Amino acid sequence: MSADAPSPPDYAARPTVYRGDLFAGKTALVSGGGSGIGRAIAFLLGRLGARLVICGRKPEKLDAAAAAMRAAGIAVEAIACNIRSSEEVAALFARAGDLDILVNNAGGQFPQPAIDFSEKGWNAVIDTNLNGTWRMMQSAARRWRDGGRAGVIVNIVAVVDRGMPGVAHTCAARAGVIHLSRTVAVEWAPLGIRVNCIAPGAMETEGMAVYPPEAKAAFPRSNPMLRMGDPWEVAEACAYLAAPSGAFITGETLTVDGGGKLWGELWTAGKPDYFA
């Protein structure tokens with residue numbers, strides 16, 4: 001981490017509405033667990049008693065996050081994995097062992113007018129956010145089916161109801177994950193597998209660094225609560241869906257955006273003069 005980079009949030013003592021043993025005896029795999037929303041989710045599930053496995057592309061981020069979690073008394077294993085690779089995903093699941101919960105948080109995008117996307121840029125976002133999520137979902141479902149175990153999948157997506165100018169590639173991918181989740185929620189219900197999504201709005205995370213200053217300045221006014229979201233709020237929503245509290249919920253998308261999809265604008269690359 002560079003000298004001027006912000007320190008990651010300290011989730012070790014953040015208040016939570018959940019009891020401390022909610023996930024005792026459970027194992028959870030959180031992709032993208034080394035930073036941002038994934039780090040918050042992993043911290044919360046671990047503090048609530050889950051044995052954690054976190055994965056991501058950058059070992060240094062994973063190791064730093066795992067060290068902070070262990071310092072908080074959380075049992076966690078960090079495994080480097082690029083979810084674009086079927087081979088690496090297979091190796092990840094072989095090491096992770098028997099899972100109860102899969103949180104697909106890994107993903108990424110960059111703001112750019114869609115007309116200027118290169119084929120490489122488009123494919124990179126689709127392969128990570130859609131295909132990578134699918135690889136993880138199918139791998140988990142097959143292991144649960146073959147082992148006669150129930151399981152829970154929570155996919156972190158985006159608020160795509162009205163589109164998001166500037167990130168058309170991620171809108172395409174996240175919409176694909178939402179409808180994929182709705183479909184397999186029915187197919188996999190006989191296997192005891194629940195599949196849901198969480199769609200966060202503008203969140204105060206390290207991921208904000210990719211957006212231009214004019215977009216970042218406007219993000220807090222993209223919802224009627226007039227603020228950015230906190231990754232911990234997404235983490236608590238994830239715990240709700242993954243716990244027995246969500247036992248009769250499958251195929252749904254829980255939006256955590258301060259009402260943004262009902263009100264406001266979100267221009268990820270800045271608002272064009274035409275619409276000013």
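Owing to the predicted nature of the structure, the values given are computational and were not obtained by experimental measurement.
A distance-only check finds no donor-acceptor pair linking the side chain of Asp257 to the backbone of Pro200 [under 3.5 Å]. Under the 3.5 Å distance criterion, the side-chain polar atoms of Trp144 are matched with a main-chain donor or acceptor of Leu99. No donor-acceptor pair under 3.5 Å is formed between the side chain of Asp63 and the backbone N or O of Ala67. Listed for the Glu88 side chain is a donor-acceptor partner under 3.5 Å among the backbone atoms of Asn82. Between the side chain of Glu206 and the main chain of Gly36, a donor-acceptor pair closer than 3.5 Å is present. Side-chain atoms of Ser181 never come within 3.5 Å of backbone atoms of Gly251 as a donor-acceptor pair (strictly under, hydrogens ignored). Asn129 places no side-chain N or O within donor-acceptor distance of the main-chain N or O of Thr170, the cut-off being under 3.5 Å.
Closest non-hydrogen pair, Glu265 versus Ser222, comes out as O-CB, 3.2 Å. Considering all non-hydrogen atoms of both residues, Cys171 and Met164 come closest at SG-N, 3.3 Å. Heavy atoms only, all atoms of each residue included: Ala239 and Leu48 are closest at CB-CD1, 4.3 Å. Minimum interatomic distance between Ile156 and Val103 (heavy atoms only, all atoms of both residues): CG1-CG1, 4.3 Å. The shortest heavy-atom contact between Pro111 and Pro212 is CG-CD, 4.2 Å. Of all heavy-atom pairs spanning Ala269 and Gly166, the tightest one is CB-CA, 4.4 Å.
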- request: Evaluate side-chain contact (heavy atoms from CB on, under 4.5 Å) for Arg143 paired with Leu102, printing each intermediate quantity in order.
  value: CA-CA 12 Å; Arg143 290 176 71 89; Leu102 169 63; over 6 Å; no
message: Go through it in stages, so that I can follow the logic: the residues are Ile198 and Val154, the test is side-chain contact (heavy atoms from CB on, under 4.5 Å), and I'd like the CA-CA distance, side-chain angles, deciding distance and then a yes or no.
response: CA-CA 7 Å; Ile198 295 175; Val154 180; 3.8 Å; yes
query: Does the side-chain contact (heavy atoms from CB on, under 4.5 Å) test come out yes or no for Leu92 and Leu29, once each step is laid out?
result: CA-CA 10 Å; Leu92 167 67; Leu29 168 57; 4.1 Å; yes
message: The test is side-chain contact (heavy atoms from CB on, under 4.5 Å); show your working for Phe219 and Glu204 and say whether it passes.
response: CA-CA 10 Å; Phe219 283 165; Glu204 193 69 70; over 6 Å; no
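Residues Asp100 and Arg149 are in side-chain contact: their nearest non-hydrogen atoms beyond the backbone lie under 4.5 Å apart. Two residues are said to be in side-chain contact when any heavy atoms from C-beta on lie closer than 4.5 Å; Tyr11 and Pro231 meet this criterion. When side chains are defined from C-beta on, Ile83 does not count as touching Arg135, because their heavy atoms never get closer than 4.5 Å. Side-chain contact check for Ile74 versus Phe43: some heavy-atom pair is nearer than 4.5 Å. At least one side-chain heavy atom of Thr205 sits under 4.5 Å from a side-chain heavy atom of Ile37. Residues Trp267 and Pro272 meet the side-chain proximity criterion, which asks for heavy atoms closer than 4.5 Å. Using a 4.5 Å heavy-atom cutoff, the side chains of Gln109 and Arg174 are in contact. Side-chain contact between Thr250 and Trp188 is absent, with no heavy-atom pair separated by less than 4.5 Å.
Interatomic distance, CG of Asp161 versus NZ of Lys261, reported as 4.5 Å (0.5 Å rounding). The distance from the CD atom of Gln112 to the NE2 atom of His169 is 6.5 Å, given to the nearest 0.5 Å. Once rounded to the nearest 0.5 Å, the distance linking CZ of Arg221 with CH2 of Trp263 reads 6.0 Å. Distance check: Met69 CE to Arg47 CZ gives 11.5 Å after rounding to the nearest 0.5 Å. In this structure, CZ in Arg84 is found 10.0 Å from CG in Asn131, a value given to the nearest 0.5 Å. Atom CH2 of residue Trp134 and atom OG of residue Ser139 lie 9.0 Å apart, to the nearest 0.5 angstrom.
Side-chain contact, Asp127 with Asn123: no donor N or O sits under 3.5 Å from an acceptor N or O. With 3.5 Å as the limit, one finds no donor-acceptor pair spanning the side chains of Thr133 and Asn155.
Taking hydrophobic clusters as Ile, Leu, Val, Met, Phe, Trp and Tyr residues chained together by side-chain heavy-atom distances below 4.5 Å, Val177 does not share a cluster with Ile153. Note on Ile41: it clusters hydrophobically with Leu254, by side-chain heavy-atom contacts below 4.5 Å among ILVMFWY residues. A continuous path of hydrophobic side-chain contacts links Leu241 to Val256 [ILVMFWY only; heavy atoms under 4.5 Å]. Under the 4.5 Å side-chain heavy-atom criterion for Ile, Leu, Val, Met, Phe, Trp and Tyr, Phe93 and Met137 are members of the same hydrophobic cluster. Hydrophobic clustering (ILVMFWY, side-chain heavy atoms < 4.5 Å, transitive): Val76 and Met136 are in distinct clusters.
At most 12 non-hydrogen atoms from other residues, nucleotides or ligands lie less than 6.0 angstrom from CZ of Arg142. Residue Met225 places its CE atom among 12 or fewer non-hydrogen atoms of other residues, nucleotides or ligands, all under 6.0 Å distant.
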Name the atoms and distances for all side-chain donor-acceptor pairs under 3.5 Å in residues 16-28, with sequence neighbours left out.
residue: Thr16; atom: OG1; partner: Tyr18; partner atom: N; Å: 3.3
residue: Thr16; atom: OG1; partner: Glu236; partner atom: OE2; Å: 2.6
residue: Tyr18; atom: OH; partner: Glu236; partner atom: O; Å: 2.8
residue: Tyr18; atom: OH; partner: Tyr240; partner atom: N; Å: 3.3
residue: Arg19; atom: NE; partner: Asp21; partner atom: OD1; Å: 2.6
residue: Thr27; atom: OG1; partner: Arg51; partner atom: NE; Å: 3.2

For residues 52-61, please give each side-chain donor-acceptor pair under 3.5 Å, one per line with the distance, not counting sequence neighbours.
none

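Through ILVMFWY side-chain contacts below 4.5 Å, Val159 is grouped with nothing and stands alone.
Note on ring orientation: taking the six-membered ring where Trp is involved, the planes of Trp122 and Phe117 are tilted (angle from 30° to 60°).
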